[in-house]
Amino acid sequence: MTQTAEVSGLFEAVTGLRDEVAAATFPLDLPGVEHAREARRGMLDQFDDYVLPRLADMDAPLLAVVAGSTGAGKSTLVNSISGRLVSRSGVLRPTTRACVLIHHSQDTGWFTTPRILPNLARITGEDAQDPTAVRLVAVDVLPPGVALLDAPDIDSVVEANRDLARQLMSAADLWIFVTTAARYADAVPWGFLRQSVERGTSVAVVLDRVPPGAEDEIGEHLADMLVAEGLRHAPVFTVTESALGPDGLLPPGEVVQLREWLARLGEDARARGLLVRRTLGGALDSLDRRVAELAEFSFEQVQTTEQMQAIVTSAYGNALDEVSAGMSDGRLLRGEVLARWQAYVGTGEFLKQVEVGFGRLRDRVVAAVKGQPAPATELGEALQSGVAKLIIAHAEGAGMEVARRWRSVPGGEALLAAARADGLGDGSDGGTLAPTRGGSVGVSAELSDKADLLVREWQDDILELVRSEGRDRRTTARVLSMGVNAVGVVLMLVVFSHTMGTLGGAEVGIAGGSAVLAQRLLEAVFGDQAVRTLATKARRQLLARTEALYAAEEDRLRALLAQLAVRTCQPRELLDAAADLRAAR
């Protein structure tokens with residue numbers, strides 16, 4: 001395989017990894033997420049401003065970024081190397097308001113295009129100070145093949161300047177890091193120097209404003225620190241504290257070593273190529289670890305989202321179980337429902353006889369079936385209200401449980417706060433979320449209306465079951481003798497009176513007798529097996545409708561998670577793209 005083909009394959013693999021990093025998102029506010037977001041931005045800057053441009057043009061001039069802390073003397077150093085004022089310096093901070101790129105006139109064509117730093121415009125002119133642009137200055141004192149970029153302060157009081165400095169350093173083949181004898185041990189510069197080790201960037205250090213006679217002592221200490229930080233091979237250039245000339249430049253002797261070193265790099269294509277490849281190789285080497293960290297953060301996002309999804313499933317699953325239990329334990333036979341049933345079949349003496357035994361009431365039952373009973377409307381309304389309240393209560397409980405448990409999950413409180421701020425809830429209208437009930441994210445505003453509609457539709461299901469079961473002539477006559485609606489109401493009562501496990505004391509006797517009577521009434525109409533079949537079908541239909549309602553409530557909450565757009569495949573896609581790059585290398 002030719003070198004050109006190898007570079008082409010590597011370029012394609014890097015582009016693929018860059019696209020995966022660009023597509024990665026970290027929307028949940030988990031611990032450390034800001035670090036992940038910043039790491040992602042830093043990687044994209046390095047891809048766009050250095051790795052891809054350098055792979056596309058391996059023979060392009062070496063770009064050295066002059067960086068350092070506020071007041072370290074970067075601009076003065078650049079001016080002194082250039083032999084004239086090309087970058088503004090002074091006592092006011094920040095002094096470098098725009099980045100200045102100094103290059104040999106033969107290399108102008110490399111920098112007028114957006115090959116590097118594509119997001120920054122190109123400008124010329126001594127007074128051009130646009131912070132969103134790169135000011136190009138041709139200086140033939142510099143050798144062809146080497147360019148200097150004067151960056152803003154890494155610790156500037158202006159955040160935009162700090163961000164620009166980081167971006168420019170990501171575009172560099174070489175960092176020329178300027179520090180002073182008084183501040184060379186400060187934490188901020190060393191934080192950036194450690195980044196150069198992590199990213200594999202070549203570094204040279206300029207120790208500025210060294211008191212005369214202290215060069216060896218301070219230089220040795222700095223060298224020991226560089227070795228300890230993995231920068232053993234970084235050259236160090238010392239600039240003695242000197243008065244500036246009338247032109248604002250350092251005495252020529254103070255920058256002669258650095259200028260000669262840059263000249264040798266310009267003249268020696270092999271040495272320049274080795275430095276470029278070392279930095280490029282280091283940058284590519286660092287991607288494995290950095291992508292693995294992004295994938296780990298991404299996996300935490302996926303896990304947290306899945307945990308929140310599971311909380312929704314669990315809460316509404318438990319709510320459906322509670323509704324199922326409430327349909328068969330007799331709790332719906334309390335209060336108004338029981339009173340309406342008693343009024344329907346006849347209270348007082350009738351219910352007293354129920355406690356004695358049903359055998360004596362056989363004739364009464366038959367009479368009730370054959371006769372014209374009292375209207376069942378009020379009993380039906382009481383049952384409808386009771387069922388709706390049961391469904392609503394457990395839906396609200398599930399919604400509040402979801403909100404409570406989400407708050408205990410990292411990132412959950414921020415998600416709930418954002419949803420409350422937007423006043424959003426139900427996502428059943430094709431993606432647009434509707435207001436929530438009472439400001440609670442866990443409960444939709446339409447829950448009560450939906451539950452009422454559910455029960456009415458279920459009552460229609462029951463009437464259809466009654467009509468379907470009463471097809472033969474004799475059964476039809478019995479149904480009509482009581483009334484289809486009345487039979488339907490009694491069937492509802494049977495559905496809700498299976499075990500009556502939550503009732504106690506005298507209430508058991510009363511409700512139990514009422515349930516037995518309802519069962520016998522229906523058996524006199526349909527037969528005992530048919531009644532069991534009807535009750536089972538009616539129960540299943542109500543549970544199915546309730547499950548659908550709860551699923552809609554779940555979907556409303558899942559819509560909040562869906563808005564985060566956390567992709568479960570993201571960690572694997574990042575790692576696979578990194579593996580493709582390793583293979584290409």
Side-chain angles (χ1 to χ4, degrees), residues 61-108 111 120 122-131 133-156 161 164-165 168-169 172 174-183 189 204-210 235-266:
L62 181 148
L63 180 63
V65 171
V66 182
S69 302
T70 302
K74 302 183 301 299
S75 296
T76 299
L77 179 69
V78 169
N79 291 335
S80 299
I81 292 172
S82 303
R84 62 186 178 91
L85 294 178
V86 294
S87 185
R88 185 170 56 174
S89 61
V91 296
L92 297 178
R93 304 293 176 219
T95 54
T96 306
R97 306 197 194 290
C99 49
V100 180
L101 196 154
I102 303 97
H103 58 87
H104 191 278
S105 57
Q106 293 181 15
D107 295 333
T108 299
F111 300 110
L120 296 177
R122 271 47 174 178
I123 57 176
T124 57
E126 295 296 324
D127 296 327
Q129 295 294 338
D130 184 353
V134 177
R135 185 162 69 90
L136 302 179
V137 180
V139 176
D140 287 348
V141 173
L142 278 180
V146 175
L148 297 182
L149 184 60
D150 185 13
D153 302 330
I154 59 174
D155 56 355
S156 172
N161 283 354
L164 180 57
L168 299 181
M169 293 169 73
L174 168 69
W175 287 2
I176 299 179
F177 208 88
V178 183
T179 187
T180 65
R183 300 186 58 187
V205 178
V206 176
L207 183 61
D208 195 12
R209 298 174 188 161
V210 179
V236 178
F237 301 94
T238 301
V239 177
T240 306
E241 187 170 14
S242 309
L244 300 181
D247 51 4
L249 305 181
L250 291 166
E254 296 297 331
V255 295
V256 65
Q257 288 185 328
L258 178 57
R259 183 184 286 167
E260 290 177 351
W261 182 69
L262 292 173
R264 287 195 298 273
L265 281 177

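- Listed for the S80 side chain is a donor-acceptor partner under 3.5 Å among the backbone atoms of L250.
- To the nearest 0.5 angstrom, T180 atom OG1 is 7.5 Å from L207 atom CG.
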* To do: Could you walk me through whether V255 and L77 pass side-chain contact (heavy atoms from CB on, under 4.5 Å), step by step?
  => CA-CA 8 Å; V255 295; L77 179 69; 3.8 Å; yes
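- Side chain of D107 to main chain of P144: no donor-acceptor pair is present (N/O by atom type, distance under 3.5 Å, no hydrogens or angles).
- At least one donor-acceptor pair under 3.5 Å links the side chain of R183 to the backbone N or O of T70.
- Atom CG of L174 sits about 11.0 Å away from atom CE of M169, to the nearest 0.5 Å.
- In this structure a side-chain-to-backbone donor-acceptor pair under 3.5 Å is present from R135 to V86.
- Residue L101 holds its CG atom at 11.5 Å from CD1 of I123, rounded to the nearest 0.5 Å.
- One distance of note links OG1 of T108 with CG of L136; it measures 7.5 Å at 0.5 Å rounding.
- The neighbour count for Q257 CD, taken as heavy atoms of other residues, nucleotides or ligands under 6.0 Å away, does not exceed 12.
- A salt bridge between D208 and K74 is absent, with no side-chain N of the basic residue lying under 4.0 Å from a carboxylate O of the acidic one.
- Closest of all the heavy-atom pairs between L168 and C99 is CD1-CB, 3.5 Å.
- Looking at heavy atoms from C-beta onward, I176 lies in side-chain contact with L262 at the 4.5 angstrom threshold.
- Note: L164 CG to I154 CD1 = 13.0 Å, rounded to the nearest 0.5 Å.
- The line from OG of S75 to CG of D153 is 7.5 Å long, rounded to the nearest 0.5 Å.
- Side-chain atoms of R122 come within 3.5 Å of backbone N or O of F111 as a donor-acceptor pair.
- For the pair R84 and D247, the minimum side-chain heavy-atom distance is 4.5 Å or more.
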